[in-house]
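Notes follow the structure.
These figures come from a predicted structure and were not determined experimentally. Note: hydrogens, waters and symmetry copies are ignored here, and every other heavy atom, side chains too, is used. Atoms within a ligand are numbered from 1 in the order they appear, just like the ligands themselves. For reference, positions follow the sequence shown, starting with 1.
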Amino acid sequence: MDQVKNYLLPPKAPREFGFFVDGRWHESRDQFERLSPGHGVPVTRTAKCTPEDLNAAVASARRAFEDRRWSGLSGAARGAVLLRVAEILRQRRDEIAYFETLENGKPIAQARGEIDHCIACFEVGAGAARLLHGDSYNSLGDGLFGMVLREPIGVVGLITPWNFPFLILCERVPFILASGCTMVVKPSEVTSATTLILAEVLAEAGLPDGVYNVITGSGRTIGQALTEHPDVDMLSFTGSTAVGRSCVHAAADSNFKKLGLELGGKNPIIVFADSDLEDAADGAAFGISFNTGQCCVSSSRLIVERSVAAEFEKLLVEKMERIRVGDPLDEATQVGAITTDQQNTTILDYIAKGKAEGAQPVTGGQAIEFGKGQYIAPTLFTGVSPDMAIARDEIFGPVLCSMSFDTIEQAIELANDTVYGLAASVWTKNIDKALTVTRRVRAGRFWVNTIMAGGPEMPLGGFKQSGWGREAGTYGVEEYTQVKSVHVEIGKRSHWIA
Ligand code: TXE
């Protein structure tokens, strides 16, 4: 990693990766070259795997599951491997953050913070491996004893997106491993490097061969084939609602594999007049600009009490205009590049649509030119009505829409006026209002007087069309298990045939 002052430089040549199956690296004939979205230079080359490669990966995960080389270990032994992973991640933190930034375009300081969160995921997963347990029923009468066992579900397919390639991976992998499952991971084709680096780390930590396999390639070919694979017992998918729907069809048409889905969001941030407006404005600016708004839990709908709306929007604009947008490799950058060309076009199209619909961009509203890479200024639209496309669709960019309310009932109604239900936040110093809104707004993750706070102990996932199931923490481990009811006769059984 070359550095000038406080500034890392992109690599002189792209790093090459094979794909990882059965504990070994494999080469592919075709490769995908990734250009960094912040600089437009080649940074990695990854394999374009074939359907045969996918079949080999699933077969490897199946063998590793069936011979119990991982699930047969004690929780303590599995936990020890996960703790070693955390230790190695700590040593390789800067390298992993560098490749995350190069491929994704996120600021390097943010990427390092994300690796710290990933280390914590492995530490929590290690504890969860030891604590995973079932249940018992001592209430079935003197003659019968009931036990509920939790068993690993089997071979898991894991498809991850490009917005948090390593973080989303690590919010799943330790918990899948804690449960005793084996897996085949298909990262996004544009951000595969850190998922492949994790294969090196897991092997070094002592994970048996075949437990973690990575195949790389396009979603339409390899991803789709993984969703349809008859020998995959569960699929965890994070990405667009459209592909989430196709996973449901694929599961129905193949083997009814269990699905975990984390899909889109259009998350409300509700600000009451009695909140600390400075705090709330900082939260709103962070909630929409963090990771350039390419975040499923971005707070993209501001719902603010009308009596303070003008004052609040002014505070917010002041904050948003002080955000440091720039080269992701600059230590001072807070908001980096837009990850893909396609996403860049999508965001700019929505900004144009918002203007055409009659909303006013009071700050931002355009691309920022640095002579290389693709950047969009944090944008606030006022004069938004709930039926506008910018208020309804997940834009997945730094574009915030402001709407107002007069009563708590209106605030709740506006917040729930979406097909999604991933996250929400409420800002008020009144405990009754805070709890009423928290109870009545349908979202899987909730923040009161803060935003995007939390740790891997807490479950993640959505209500409504934001998905199925929960990841992380003990809930996350349990998702990758199935329960078996065991009935044990005590003493002599009373006979059916006299
Ligand atoms: O996602 P895709 P895209 C939303 C966000 C964004 C939109 C489109 O609104 O603008 O989705 O992004 C793999 N079968 N989110 O098109 O295509 C793909 O290779 C199986 C929200 O990039 O869903 C990648 O690994 N897999 C979201 C992963 O799916 C397929 C994060 C996600 O890509 C596939 C990302 C197929 N047919 C986008 N097609 C969140 N919840 O955080 C693609 N893939």
Side-chain angles (χ1 to χ4, degrees), residues 32 34 37 46 48-49 51 54 103-106 157-169 171-172 184-196 214-229 232 235-251 253-254 257 259-267 290-298 300 338-350 376 389-390 392-399 418-423 443-445 452 460-462 464-469 471:
F32 173 82
R34 174 67 173 153
T46 50
K48 282 188 186 168
C49 289
L54 169 68
E103 287 194 335
N104 168 278
K106 66 179 68 209
L158 178 57
I159 299 180
T160 55
W162 43 260
N163 55 336
F164 291 97
F166 201 63
L167 185 127
I168 287 177
L169 180 75
E171 283 176 342
R172 287 144 183 77
V184 175
V185 188
K186 208 296 288 172
S188 165
E189 48 274 51
V190 293
T191 53
S192 300
T194 53
T195 303
L196 292 158
V214 186
I215 44 144
T216 51
S218 90
R220 267 195 316 280
T221 54
I222 296 299
Q224 182 72 31
L226 184 57
T227 67
E228 292 167 357
H229 206 291
V232 169
L235 181 88
S236 167
F237 170 81
T238 306
S240 62
T241 305
V243 177
R245 188 164 278 116
S246 81
C247 292
V248 176
H249 289 298
D253 292 342
S254 55
K257 57 179 65 66
L259 293 176
L261 303 172
E262 189 178 334
L263 310 174
K266 191 73 180 174
N267 311 295
F290 178 68
N291 213 50
T292 57
Q294 299 175 124
C295 189
C296 54
V297 294
S298 282
S300 48
I338 304 298
T339 305
T340 66
D341 298 350
Q342 192 191 342
Q343 192 57 35
N344 198 50
T345 307
T346 302
I347 300 167
L348 292 174
D349 285 352
Y350 270 111
I376 295 178
I390 54 168
R392 305 210 72 76
D393 301 349
E394 181 182 55
I395 299 174
F396 222 55
V399 182
T418 169
V419 296
Y420 296 114
L422 202 54
R445 259 202 277 184
M452 292 193 208
L460 327 165
K464 303 198 297 189
Q465 292 186 34
S466 290
W468 290 348
E471 305 282 359

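For a threshold of 3.5 Å applied to N or O pairs, the pair formed by S240 and ligand 1 contains at least one separation below that value. Taking any N or O of L263, backbone or side chain, at least one lies under 3.5 Å from an N or O belonging to ligand 1.
Residue contacts with ligand 1: W162 is included, with a non-hydrogen atom under 4.0 Å away. For the ligand labelled ligand 1, residue N163 lies inside the 4.0 Å heavy-atom shell. Within the 4.0 Å heavy-atom shell around ligand 1 one does not find G265.
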Could you go through the side-chain contact (heavy atoms from CB on, under 4.5 Å) check for T227 and S246 one step at a time?
-> CA-CA 9 Å; T227 67; S246 81; 5.7 Å; no
May I have the step-by-step check of salt bridge (Lys or Arg N to Asp or Glu O under 4.0 Å) for E103 and R34, ending in yes or no?
-> CA-CA 7 Å; E103 287 194 335; R34 174 67 173 153; 5.8 Å; no
Should L263 and Y420 be marked as a side-chain contact (heavy atoms from CB on, under 4.5 Å) after you check the CA-CA gap, both sets of side-chain angles, and the distance that decides it?
-> CA-CA 9 Å; L263 310 174; Y420 296 114; 5.6 Å; no
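For the pair N291 and F164, the minimum side-chain heavy-atom distance is below 4.5 Å.
T241 and Q465 share no side-chain donor-acceptor pair at under 3.5 Å. Side-chain atoms of Q294 and T292 include a donor-acceptor pair closer than 3.5 Å.
Every atom of ligand 1 with a heavy atom of E189 under 4.0 Å away is listed here by number and element: 18 (C), 19 (O). Taking a cut-off of under 4.0 Å to the non-hydrogen atoms of K186, the atoms of ligand 1 that pass are 18 (C), 19 (O), 25 (O). For ligand 1 and T160, the ligand atoms under 4.0 Å from any heavy atom of the residue are 24 (C), 25 (O), 28 (C). Taking a cut-off of under 4.0 Å to the non-hydrogen atoms of T227, the atoms of ligand 1 that pass are 20 (C). Contact atoms of ligand 1 toward P161: 31 (C), 35 (C) (distance under 4.0 Å to a heavy atom of the residue). Near Q343, with a cut-off below 4.0 Å to any heavy atom, the atoms of ligand 1 are 6 (C), 10 (O). Close approach of ligand 1 to F237 is summarised as follows: ligand atoms under 4.0 Å from at least one heavy atom of the residue are 23 (O), 28 (C), 29 (O). Each of the following atoms of ligand 1 lies closer than 4.0 Å to a heavy atom of P187: 25 (O).
Within a 4.0 Å radius of atom 16 (O) of ligand 1, the protein contributes no heavy atom. Contact annotation for atom 19 (O) of ligand 1: protein present (non-hydrogen atoms, distance under 4.0 Å).
Checking side-chain atoms of N267 against main-chain N and O of C296 turns up a donor-acceptor pair under 3.5 Å. S188 contributes no side-chain N or O that, together with a main-chain N or O of T160, makes up a donor-acceptor pair within less than 3.5 Å. A distance-only check finds no donor-acceptor pair linking the side chain of K48 to the backbone of S218 [under 3.5 Å]. In this structure, K266 contributes its side chain and I390 its backbone to a donor-acceptor pair below 3.5 Å. A donor-acceptor pair under 3.5 Å links the side-chain atoms of K464 to the main chain of T418, judged by distance alone. Under the 3.5 Å distance criterion, the side-chain polar atoms of Q343 are matched with a main-chain donor or acceptor of I395. One N or O on the side chain of K106 and one on the backbone of N163 form a donor-acceptor pair closer than 3.5 Å.
The residue from T216, T241, I347, T238 that puts a heavy atom closest to atom 32 (C) of ligand 1 is T238.
In this structure, the protein non-hydrogen atom closest to atom 38 (C) of ligand 1 is F396 CE2, 3.8 Å. Among all protein heavy atoms, the one lying closest to atom 9 (O) of ligand 1 is E394 OE1, 2.6 Å. Atom 43 (C) of ligand 1 has G219 CA, 3.5 Å as its closest protein atom, hydrogens excluded (heavy atom only). In terms of protein heavy atoms, atom 37 (N) of ligand 1 is closest to Q224 OE1, 2.8 Å. Closest protein heavy atom to atom 40 (C) of ligand 1: C296 CB, 3.5 Å.
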